[in-house]
Amino acid sequence: EPAPTPPTTQRSPIELRDAQGQVLHTLRPYGEGFQLFDGSGQRLANIRVREDRVKAKDPNDREITQARTRDYGFKLKNTDDTTVFRARRQSGGYSLQRDDGLQIGQLVGNAATFGTSQITVVEQGATLVIQRDGVTVMTVAGAIPPQAAVFLGFSDLNIYHQVTAMIYMM
């Protein structure tokens, strides 16, 4: 199976809303990436997109997390170089693993398992509905592939990990 195409930059804002429709976060195009804002408009991070990685830095330019291409797929890691997960390509998707090889999730098409949760992305017109165990947890307005948006349902990850993995998959 060929390596994933390098991340591309989406040029329109992306809004992440809770199940009641309140804006939780907005991703706005910025340079070769995005800026992440909270619902009140405060900038939380700059997200830089490169050919082989997506890196999130705080407003003071300190690295928060990054997703980096590896021969097996990609790796999401913290600033201290600890692994959040390794995404290993497999037929139709990815196996998500810890460093010790233990599988902690699986991503296939518009759905994933992560821990004990089942995450699905339902397309409703121009909106993506992110569901965890059948309950809507977020909606996304903006041009995002459903397979990338599935990371927004990974409640065990923080918003920086979720968005960095999502942008990498775009």
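All heavy atoms count here, side chains included; hydrogens, waters and symmetry mates do not.
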Is the charged tip of R28 near the ring of F37: under 6.0 Å from the six-membered ring centre and within 45° of its axis? yes
Let me confirm one number: the CG-OG1 distance from L16 to T26, rounded to the nearest 0.5 Å. 7.0 Å
How would you list, by chain and number, every residue that makes a salt bridge (charged side-chain N to carboxylate O under 4.0 Å, His left out) with R88, sequence neighbours excluded? none
Gap separating the CG atom of D58 from the CG atom of N46, nearest 0.5 angstrom: 8.5 Å
Looking at every heavy atom in both R89 and G73, which two are closest together, and how far apart are they? NH1-CA, 3.1 Å
Apply side-chain contact (heavy atoms from CB on, under 4.5 Å) to Y30 and R48, showing your working. CA-CA 9 Å; Y30 181 76; R48 295 193 179 112; over 6 Å; no
Would you compute the distance between atom CD1 of I64 and atom CZ of R62 and round it to the nearest 0.5 angstrom? 9.0 Å
Considering all heavy atoms of both residues, which atom of L128 and which atom of I144 are nearest to each other, and what is their separation? CD1-O, 3.3 Å
If hydrophobic clusters are built from ILVMFWY residues whose side chains come within less than 4.5 Å, do V54 and L44 share one? yes
Do the non-hydrogen side-chain atoms of L76 and T65 ever get within less than 4.5 Å of each other? yes
Please collect all salt bridge (charged side-chain N to carboxylate O under 4.0 Å, His left out) contacts where either partner lies in residues 115-142, sequence neighbours excluded, each pair once. none
Does D81 have any salt bridge (charged side-chain N to carboxylate O under 4.0 Å, His left out) partners at least two apart in sequence or in another chain, and if so, which? K77
Kindly give the heavy-atom pair with the smallest separation between P13 and P29, and that separation in Å. N-CD, 3.9 Å
Partners meeting side chain to side chain donor-acceptor pair (under 3.5 Å) with R17 (sequence neighbours left out): E15
Suppose we screen for salt bridge (charged side-chain N to carboxylate O under 4.0 Å, His left out). Which residues come up paired with K75, at least two apart in sequence or across chains? none
Under a 3.5 Å cutoff, is there a donor and acceptor pairing between the side chains of R86 and Y72? yes
Which residues share a side chain to side chain donor-acceptor pair (under 3.5 Å) with N60, sequence neighbours left out: none
Could you tell me whether the side chain of I14 reaches within less than 4.5 Å of the side chain of V140, counting heavy atoms only? yes
Mind checking what makes side chain to side chain donor-acceptor pair (under 3.5 Å) contact with R98, not counting sequence neighbours? D100
Check V121 against A149 and note the closest heavy-atom contact, atom names and distance. CG2-C, 4.1 Å
Could you grab the distance from atom CZ of F74 to atom CZ of R53, nearest 0.5 Å is fine? 14.5 Å
Side-chain donor/acceptor pairs under 3.5 Å, residues 103-120, sequence neighbours excluded:
unit_1, atom_1, unit_2, atom_2, d
Q103, OE1, S95, OG, 3.1
Q103, NE2, G105, O, 3.4
T113, OG1, Q106, N, 3.4
Q118, NE2, A112, O, 3.4

Side chains of residues 151-164: which donor-acceptor partners sit under 3.5 Å, not counting sequence neighbours?
unit_1, atom_1, unit_2, atom_2, d
N158, OD1, Y160, N, 2.9
N158, OD1, H161, N, 2.8
N158, OD1, H161, ND1, 3.4
N158, ND2, H161, ND1, 3.4
H161, NE2, N78, OD1, 2.8
Q162, NE2, F154, O, 2.9
Q162, NE2, L157, O, 3.4
T164, OG1, Y160, O, 2.7

Residue set satisfying side chain to side chain donor-acceptor pair (under 3.5 Å) with D71, at least two apart, ordered chain then number -> none
Less than 3.5 Å apart, which donor and acceptor atoms pair up between the side chains of residues 18-25 and the rest of the protein, not counting sequence neighbours?
unit_1, atom_1, unit_2, atom_2, d
D18, OD1, Q20, N, 2.9
D18, OD1, G21, N, 2.9
D18, OD1, Q22, N, 2.9

Run the numbers on K55 and E63 for salt bridge (Lys or Arg N to Asp or Glu O under 4.0 Å), then give the verdict. CA-CA 7 Å; K55 188 181 286 190; E63 186 176 320; 3.6 Å; yes
Distance check, rounded to the nearest 0.5 Å: L36 atom CG versus I47 atom CD1? 5.0 Å
Which atom names give the shortest non-hydrogen contact between A143 and M170, and what distance separates them? O-CE, 4.3 Å
Suppose we screen for salt bridge (charged side-chain N to carboxylate O under 4.0 Å, His left out). Which residues come up paired with R70, at least two apart in sequence or across chains? none
